[in-house]
Amino acid sequence: MSIINLENVTVDFKQKKGNVVKAVQDVDLQVEKGDIYGVVGFSGAGKSTLVRTVNLLQKPTSGSIEINGTQFIKDGKQVISNKDLQLERRKIGMIFQHFNLLNETTVFDNVAFALKHSKLSDDELEKRTLELLDLVDLKDKADFYPAELSGGQQQRVAIARALANKPDILISDEATSALDPQNTVQILDLLKSLNQKLRLTVILITHEMDAVKRICTKVAVMEHGVIIEKGDLKQIFLHPKEELTKRFVGGSLETISTLESLNLGTLGDNKAVYQLVYSIANVTKSIIIELYKEIGVEASMLYGNVELLNGEAIGTLVVEVKGDPEKQKQAQEFLNKQDVTLTRLDEKGRLYD
Ligand SMILES: Nc1ncnc2c1ncn2[C@@H]1O[C@H](COP(=O)(O)OP(=O)(O)OP(=O)(O)O)[C@@H](O)[C@H]1O
């Protein structure tokens with residue numbers, strides 16, 4: 001059973017002039033326990049609105065929501081009492097771009113504040129708070145104020161606070177967007193280790209595909225309130241179907257700017273550009289040399305990159321292949337037989353029609 005089950009969830013915002021913003025449209029999303037599920041899309045795609053329905057910070061206009069085996073919403077109607085909802089919400093931690101810490105209180109009190117509803121004695125509360133700070137490696141900063149910490153450290157305090165009530169789910173809403181690259185990586189790696197150590201299910205909302213690539217196991221791509229593609233990260237990365245997904249995942253943004261700067265001229269029957277994406281572990285031979293040996297066509301490399309996808313090395317190559325249509329066909333057949341995802345591109349790096 002999925003820990004998060006959203007069915008046909010729609011969120012409409014009615015505006016004063018009678019217009020309706022369809023922020024989320026008919027979304028189905030199932031998240032399994034232990035997933036780190038990335039929700040990626042450009043600004044305004046509906047990511048935050050969708051994920052806020054998980055703890056009903058945003059009530060959906062229609063659809064059904066079941067979290068951790070408890071039905072919150074059935075066919076658009078709330079079926080959980082407000083009192084129970086309050087308890088269930090404690091099992092869903094949340095962190096945000098701007099940390100949302102209390103600036104007038106110490107790091108210790110920021111975290112302890114989240115335990116104010118608990119029946120812990122003062123000693124137990126102190127012990128638990130220090131444990132939480134230890135979990136994010138900030139025990140030595142307990143008496144500091146948020147303003148005395150770096151952005152990355154402030155986000156770690158926010159994570160400790162979000163974990164205070166031992167949640168099963170942690171929602172990260174653009175939590176690394178305000179951080180520099182080094183702190184971003186630290187926070188992402190911390191989320192991954194908490195996921196493994198505590199079997200915490202994480203939803204990572206972001207517009208940065210690099211964050212998804214670093215730690216996510218699954219990904220959903222959102223555009224105009226709709227999930228246009230979702231699934232296992234590697235599967236989506238190696239076989240993206242939608243144009244936007246290709247732009248997000250395939251290293252394609254860099255590919256596009258590289259191709260634009262090369263001014264390749266018109267491509268056609270006798271000159272083609274292909275993007276090859278593959279798992280390095282599965283493809284050990286040099287594809288370009290094999291292509292020459294097997295088919296007798298020369299391919300020149302225009303772009304090459306290797307990056308880690310949730311720890312696995314994935315290569316992207318863009319090659320120009322010259323040859324008559326028969327040779328092009330043979331080259332395509334040869335490449336398709338290798339363990340690579342082959343996409344033909346036009347001179348601007350878009351899909352070739
Ligand atoms: N409370 C609201 N009232 C009216 N419209 C809203 C409200 N919240 C969000 N919207 C609209 O819903 C759409 C989706 O917004 P949302 O914040 O969910 O997108 P997002 O993908 O999270 O973008 P960002 O990364 O910029 O936050 C946008 O058009 C936004 O203007």
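Both ligands and their constituent atoms are indexed starting at 1 by order of listing. All residue numbers in this chain count up from 1 along the given sequence.
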Q) Do any heavy atoms of G41 fall under 4.0 Å from ligand 1? A) no
Q) Heavy-atom distance to atom 20 (P) of ligand 1: which of G44, A23, S177 wins? A) G44
Q: Decide, yes or no, whether a salt bridge links D12 with K22 under the criterion of side-chain N to carboxylate O below 4.0 Å.
A: yes
Q | Gap between atom OG1 of T53 and atom CD1 of I67 - 0.5 Å precision | A | 7.5 Å
Q: Using protein heavy atoms only, decide if any is under 4.0 Å from atom 4 (C) of ligand 1.
A: yes
Q: May I ask which of V39, T49, V20 has a heavy atom nearer to atom 15 (O) of ligand 1 than the others do?
A: T49
Q.
If we ignore hydrogens and angles and just use 3.5 Å, is the side chain of N336 paired with the main-chain N or O of Q332 as donor and acceptor?
A. yes
Q | Closest protein heavy atom (residue, atom, distance) for atom 1 (N) of ligand 1 | A | F13 CE2, 3.7 Å
Q. Just heavy atoms, cut-off under 4.0 Å: does E174 contact ligand 1 by side chain, backbone, both, or neither?
A. side chain
Q.
Give me the residue, atom name and distance of the protein heavy atom closest to atom 29 (O) of ligand 1.
A. V21 CG1, 3.9 Å
Q: Verify the distance criterion only: is there a donor paired with an acceptor across the side chains of Q25 and T10 at less than 3.5 Å?
A: no
**Q.** L50 N/O under 3.5 Å from ligand 1 N/O
**A.** no
Q: Determine the minimum heavy-atom distance between I288 and A299, stating which atoms define it.
A: CG2-O, 3.5 Å
Q) Which ligand 1 atoms, with their elements, are less than 4.0 angstrom from a heavy-atom of F42? A) 21 (O)
(Q) Rounded to the nearest 0.5 Å, what separates atom CG in L101 from atom OG1 in T106? (A) 11.0 Å
(Q) Give me the residue, atom name and distance of the protein heavy atom closest to atom 25 (O) of ligand 1. (A) K47 NZ, 3.3 Å
Q) Nearest protein heavy atom to atom 19 (O) of ligand 1, by residue and atom, and its distance? A) G46 N, 3.1 Å
Q.
For the residue pair D26 / N8, report whether a side-chain donor-acceptor contact shorter than 3.5 Å exists.
A. yes
Q. Is the count of non-hydrogen atoms from other residues, nucleotides or ligands lying under 6.0 Å from D122 atom CG greater than 12?
A. no
**Q.** Distance filter under 4.0 Å to A45 heavy atoms, resulting ligand 1 atoms
**A.** 19 (O), 20 (P), 21 (O)
Q. So which heavy atom in the protein is nearest atom 26 (O) of ligand 1, and how far is it from that ligand atom?
A. S43 OG, 2.6 Å
**Q.** Salt bridge flag under 4.0 Å for residues D173 and K47
**A.** no
Q.
Can you report which non-hydrogen protein atom sits closest to atom 27 (O) of ligand 1, along with the distance?
A. S48 OG, 3.8 Å
